[in-house]
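When reading the values below, keep in mind they use all heavy atoms of this one structure, side chains included, and skip hydrogens, waters and symmetry mates. Since this is a predicted model, take the numbers as computed values, not measurements.
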There are 2 protein chains.
Amino acid sequence: MQHKKLTDYPRPSVAVDVAVLTIRDDVLQVLVVEHRLGGLALPGTFLREKEVLAGAAARALREKAGLSDVAFTQLHVFDALDRDERGWVLSVGHSAALAANRIPADALLIPIVDGAPAERLLFDHNGIARLAVEALQSHYGRILDPANLAGDVITVRQLRRVYEAVYGRALMKDTFRRIVTPHLTSTGETGNDFGRPAELFRKTAGSVLPPSAWATFSAGRPSL
Amino acid sequence: MQHKKLTDYPRPSVAVDVAVLTIRDDVLQVLVVEHRLGGLALPGTFLREKEVLAGAAARALREKAGLSDVAFTQLHVFDALDRDERGWVLSVGHSAALAANRIPADALLIPIVDGAPAERLLFDHNGIARLAVEALQSHYGRILDPANLAGDVITVRQLRRVYEAVYGRALMKDTFRRIVTPHLTSTGETGNDFGRPAELFRKTAGSVLPPSAWATFSAGRPSL
DNA sequence: CAAATAGTGTCTTTTAGACAGTATCGC
DNA sequence: GCGATACTGTCTAAAAGACACTATTTG
């Protein structure tokens, strides 16, 4: 073969960074770690020999944040030549979402305000976190609580609070209930935060919401 | 610093592949090229020293398909270890959309059927093309003909045909007109294909469609 | 004239949005 | 009882879907 061999091509280092989103105090938050260069950053690592991106992402979360068994979505490759002063590094941004009870108590969480982290992170990690929030909103608009942020047995109110945190805006009580109830099955039990006890439901696994649901949740914001 | 240097990490080859979509004969099509390994593939190339992904994508289109001045969107990284038998290669899939008159006459086009190419492509390129179609649909649901597939001066019918090609389904005449007309300005002229001449319009640049528009266009298909 | 398409009007159905009213708890 | 929340029902307004009717061209 008269073509170059693969090894003749220059090859960049490839990093993986993961924006782990969760809900604490009814607010969407992103998990960050102290970076050895000083400052806050998303947990990340370099890709190892013949390692798959999802593997590297899982390893980064295990080593840097003490998390395991996390599901990811790949978001975007950040490839600015000057994004890392140490050299030519591509970073593949990932997104994950976990219920608060799966996050270690000592983890650093930065609140999401207006779709972006409230603090400055290193590198282009603010951008990765923003994309992660958009991806989460998009996912939640199509499937009912796909990351199970609300938990298994819930009231409609609890579920709505999760959606309000994800979309960063108040949702209407009645409309939300109408959208959601067809995908819930009552357990017969009732639970209670305050006031009249609410019916407890279990979500129908992987419920697909109508296309209008996303429009309703993100109304007033034609962007994304 | 007691850490490894960047060059100590193993590094994969990085390829870039681009799914160029266009509309020919009222059907969405994807541009492919003959691959030297035999078979059809998306135009692609390997990333060069300190080259940016968009640069490599532009170069691939120029060298392999004779296209220039094309706007891309990055889609996804394909990282299966066995996706290229020549070695460890990550491929960053990209998407672009161009009006038919910007595509060379001798280009190979494969029709898109049910959101995927009608023929088998090499590697995981069918998957890249599928993602490209989804991205195009999503983009067209938010902005009015953002890739200008319809052309500058158009009738409502021509614009609808473009949308029907993008979504692969018939759209309703009246509803489509209602969604679209607020974002069109009449040129005063009329043109005609057949029958009564239609009013010619110019699109308001970068018109943002209401969130419900996407729901309407993709009705009946809650997936994506 | 017929055939074909453009454009307008309107009716129905659906549904988001809003609100009122009743129910059931803790205190 | 009071405060708070859960649920149900209903009204309105807006928008999608559907259809009819008129208008204007080609052949």
Checklist entry - Looking at D:dT5, D:dC7, D:dG17, which one has an atom nearest to any side-chain atom of A:Phe194? => result D:dT5
Checklist entry - Out of D:dT5, D:dT10, D:dG9, which nucleotide sits closest to the side chain of A:Arg196? => result D:dT5
Item to check | Check: B:Leu136 and B:Thr73 side chains under 4.5 Å, non-hydrogen atoms | outcome: no
Next on the checklist: Suppose the criterion is side-chain hydrogen bond (donor to acceptor under 3.5 Å, both in side chains): which pairs have a residue in residues 91-101 of chain A, not counting sequence neighbours?
Outcome noted: A:Asp17-A:Ser91
Checklist entry - Which residue lies toward the 5' end of DNA chain D, A:Arg160 or B:Pro197, if each is placed at its nearest nucleotide? => result A:Arg160
Checklist outcome for this item: Comparing nearest nucleotides in DNA chain D, the 5'-proximal residue of the pair B:Gly195, B:Thr216 is B:Thr216
Checklist entry - Using a heavy-atom cut-off of 4.0 Å to chain B, what are the terminal contacting nucleotides of DNA chain C, in 5' to 3' order? => result C:dA4 to C:dT10
Checklist entry - So what does B:Thr155 touch, heavy atoms closer than 4.0 Å: a base, only the sugar-phosphate, or nothing? => result nothing
Checklist entry - If you look at every strand shown and take non-hydrogen atoms under 4.0 Å, does A:Thr190 touch a base, only sugar-phosphate, or nothing? => result nothing
Next on the checklist: Just checking A:Glu63: does its CD atom have more than 12 heavy atoms from other residues, nucleotides or ligands closer to it than 6.0 angstrom?
Outcome noted: yes
Length of the line joining [X]:[atom1] and [N]:[atom2], which is rounded to integer Å:
X	N	atom1	atom2	value
A:Leu159	D:dA6	CG	P	13 Å
B:Arg157	D:dA23	CZ	C1'	16 Å
A:Asp174	D:dC7	CG	P	13 Å
A:Lys173	D:dA6	NZ	P	6 Å
A:Arg178	D:dT10	CZ	C1'	10 Å
A:Met172	D:dT5	CE	C1'	19 Å
B:Arg177	D:dG17	CZ	C1'	17 Å

Next on the checklist: Set out, in order, the CA-CA distance, both residues' side-chain angles and the distance that settles side chain to side chain donor-acceptor pair (under 3.5 Å) for A:Ser68 and A:Arg62, then state yes or no.
Outcome noted: CA-CA 6 Å; A:Ser68 49; A:Arg62 201 176 340 110; over 6 Å; no
Next on the checklist: Suppose the criterion is salt bridge (charged side-chain N to carboxylate O under 4.0 Å, His left out): which pairs have a residue in residues 194-203 of chain B, not counting sequence neighbours?
Outcome noted: B:Asp145-B:Lys203
Checklist entry - Nearest nucleotide by nearest heavy atom, which residue falls closer to the 5' end of DNA chain C, A:Ile179 or B:Gln158? => result B:Gln158
Next on the checklist: Would you say the ring centers of A:Tyr140 and A:Tyr163 fall short of 6.0 Å from each other?
Outcome noted: yes
Next on the checklist: Using 30° and 60° as the class boundaries, would you call the ring planes of A:Trp214 and B:Trp214 parallel, tilted or perpendicular?
Outcome noted: perpendicular
